[in-house]
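Working notes, beginning with the structure itself.
Quick note on labels: first sequence line is chain A, next is B, and so on, each numbered from 1.
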Number of protein chains: 2
Amino acid sequence: MAKARHSRLDCTPGCAVEAAVSLIDGKWKAVILYHLQDGRTRFNELRRRVGDVTPRMLTNQLRELEADGLIEREVFAQVPPRVEYSLSDRGRSLSPIIAALKAWGDANMDLFARR
Amino acid sequence: MAKARHSRLDCTPGCAVEAAVSLIDGKWKAVILYHLQDGRTRFNELRRRVGDVTPRMLTNQLRELEADGLIEREVFAQVPPRVEYSLSDRGRSLSPIIAALKAWGDANMDLFARR
DNA sequence: CGGGGCGGTATCCTTTTCGACACTATGAGC
DNA sequence: GCTCATAGTGTCGAAAAGGATACCGCCCCG
């Protein structure tokens, strides 16, 4: 997804908005970011918290978030394997926005009910 | 897009976040919302401001935003036709978030440059 | 009489995204 | 010996999103 969603430097004023959104869209990313605010979390723990996400999708989204520098991935050479995800500094700087989105969503639940 | 992106009431805590994002995603919506903050705007004016969006897509996104109750569409029975779009109250309540996204995007431009 | 702006539609096609399902190696506990 | 948990990967295919192009009636301006 977040491939060439944002063009070059021909950035019209609205471009920054589009760019920011492009990092957050993708059905699971915002939710992942939201759950990571509670602290570093392991793969399957995240899987359980997020809801019905297939491992394939979760991996996928996590990799993209990592590529975008919003989260960090740490592997412990153990058996059974242990991998922990956490917010990077950049990711943490996004927290207020995630929180605002959650607040807004809660306040506008009626919108989603009727459907 | 924003069809059954949000399920029912099986809302896990992260659900509100996902729901909120689902209204904003879709490549152009956030940008449109951003430009509408300047006041009511006509179709082609919006088209120019947003950048290279085809009329088809613009119509499409506007209709979805309208269906979600974020914007209002007013048609003036004139010739030439005159249609103005503006933020609804609900849409206006989203403004701080849009502004935050723009600010974040501006502050993290480096992320989009390297690509 | 030609060209442009107005606010869109219609049709077609390509790209992207998402979900289901199966499968992996390892070790621990029963 | 069986099953469970860990952290994924691979393949397939459907559905959705997005883009290109052409077109509409109507009017004003030159």
Side-chain angles (χ1 to χ4, degrees), chain A residues 1-7 14 18-19 21-32 35-36 40-68 71-86 115, chain B residues 1-7 10 18-19 21-32 35-36 40-68 71-86 115:
Chain A
M1 132 197 338
K3 223 69 274 175
R5 199 95 154 187
H6 18 58
S7 348
E18 183 191 346
V21 173
S22 77
L23 300 184
I24 267 191
D25 70 3
K27 185 142 190 185
W28 301 110
K29 292 199 194 168
V31 189
I32 293 172
H35 285 291
L36 280 184
R40 41 199 315 113
T41 313
R42 303 178 56 169
F43 185 86
N44 276 340
E45 175 62 20
L46 213 43
R47 187 146 125 77
R48 265 173 249 117
R49 284 205 242 189
V50 167
D52 60 343
V53 61
T54 61
R56 189 176 101 56
M57 276 314 293
L58 186 53
T59 303
N60 190 312
Q61 304 280 292
L62 285 168
R63 292 288 141 82
E64 286 193 15
L65 287 170
E66 194 192 357
D68 286 336
I71 67 174
E72 274 153 19
R73 176 168 182 268
E74 192 173 359
V75 183
F76 298 82
Q78 300 182 353
V79 162
R82 174 190 189 80
V83 180
E84 289 187 349
Y85 294 91
S86 57
R115 290 241 207 195
Chain B
M1 134 197 338
K3 222 71 269 178
R5 198 95 154 188
H6 18 57
S7 351
D10 59 345
E18 182 190 347
V21 174
S22 77
L23 299 184
I24 266 190
D25 71 2
K27 187 142 191 186
W28 302 109
K29 291 199 195 168
V31 189
I32 292 172
H35 284 292
L36 280 184
R40 43 198 316 110
T41 314
R42 303 180 56 169
F43 185 87
N44 277 338
E45 174 63 20
L46 214 41
R47 187 146 126 77
R48 264 173 251 116
R49 285 206 242 187
V50 167
D52 62 343
V53 60
T54 62
R56 189 177 100 60
M57 279 312 296
L58 186 54
T59 304
N60 191 315
Q61 304 279 293
L62 286 168
R63 291 287 141 84
E64 286 192 16
L65 287 170
E66 193 191 359
D68 286 336
I71 66 174
E72 274 153 18
R73 176 170 183 268
E74 192 174 1
V75 183
F76 298 83
Q78 300 181 353
V79 163
R82 174 191 188 77
V83 180
E84 288 187 350
Y85 293 90
S86 56
R115 288 236 208 197

Applying side-chain contact (heavy atoms from CB on, under 4.5 Å) to Leu36(A) and Leu46(A), what does each step give before you reach the verdict? CA-CA 8 Å; Leu36(A) 280 184; Leu46(A) 213 43; 4.2 Å; yes
Please collect all salt bridge (Lys or Arg N to Asp or Glu O under 4.0 Å) contacts where either partner lies in residues 51-63 of chain B, sequence neighbours excluded, each pair once. none
Non-neighbouring partners of Gln78(A) that pass side chain to side chain donor-acceptor pair (under 3.5 Å), sequence neighbours left out: none
When you compare the side chain of Asn60(B) with that of Trp28(B), does any pair of heavy atoms fall below 4.5 Å? no
Taking the basic N atoms (NZ, or NE/NH1/NH2) and the acidic carboxylate oxygens, is any pair closer than 4.0 Å for Arg40(B) and Glu72(B)? no
Give the rounded distance in Å between these two atoms: CG of Asn60(A) and C1' of dA7(D). 15 Å
Nearest 0.5 Å please: distance from the CG atom of Leu62(A) over to the OH atom of Tyr85(A). 4.5 Å
Residues two or more places apart in sequence or in another chain: which of them pass side chain to side chain donor-acceptor pair (under 3.5 Å) with Arg82(A)? Glu84(A)
Without swapping roles, check the side chain of Arg47(A) against the backbone of Val53(A) for a donor-acceptor pair under 3.5 Å. yes
Can you tell me how far CG of Asp25(A) sits from CD1 of Ile24(B), rounded to the nearest 0.5 angstrom? 10.5 Å
Rounding to an integer number of Å, can you tell me how far Asp25(B) CG sits from dT16(C) P? 17 Å
List every contact pair, protein side and nucleotides 19-23 of chain D side both N or O, where the distance is under 3.5 Å.
from    : atom 1 : to       : atom 2 : distance (Å)
dG19(D) : OP1    : Lys27(B) : NZ     : 2.6
dG19(D) : OP2    : Trp28(B) : NE1    : 3.3
dG19(D) : N7     : Arg56(B) : NH2    : 3.2
dG19(D) : O6     : Arg56(B) : NE     : 3.1
dG19(D) : O6     : Arg56(B) : NH2    : 2.9
dA20(D) : N6     : Arg56(B) : NE     : 3.0

Euclidean distance, Lys29(A) NZ relative to Ser22(A) OG, rounded to 0.5 Å: 7.5 Å
To the nearest Å, give me how far apart CD (Gln61(A)) and P (dA7(D)) are. 18 Å
Whole-Å distance between dG7(C) P and Arg73(B) CZ? 10 Å
Let's see if you get this right: which residues in residues 75-86 of chain B place a heavy atom under 4.0 Å from DNA chain D? Val79(B)
Those residues of residues 42-51 of chain B lying under 4.0 Å from DNA chain C by at least one heavy atom: Arg42(B), Phe43(B), Asn44(B), Arg48(B)
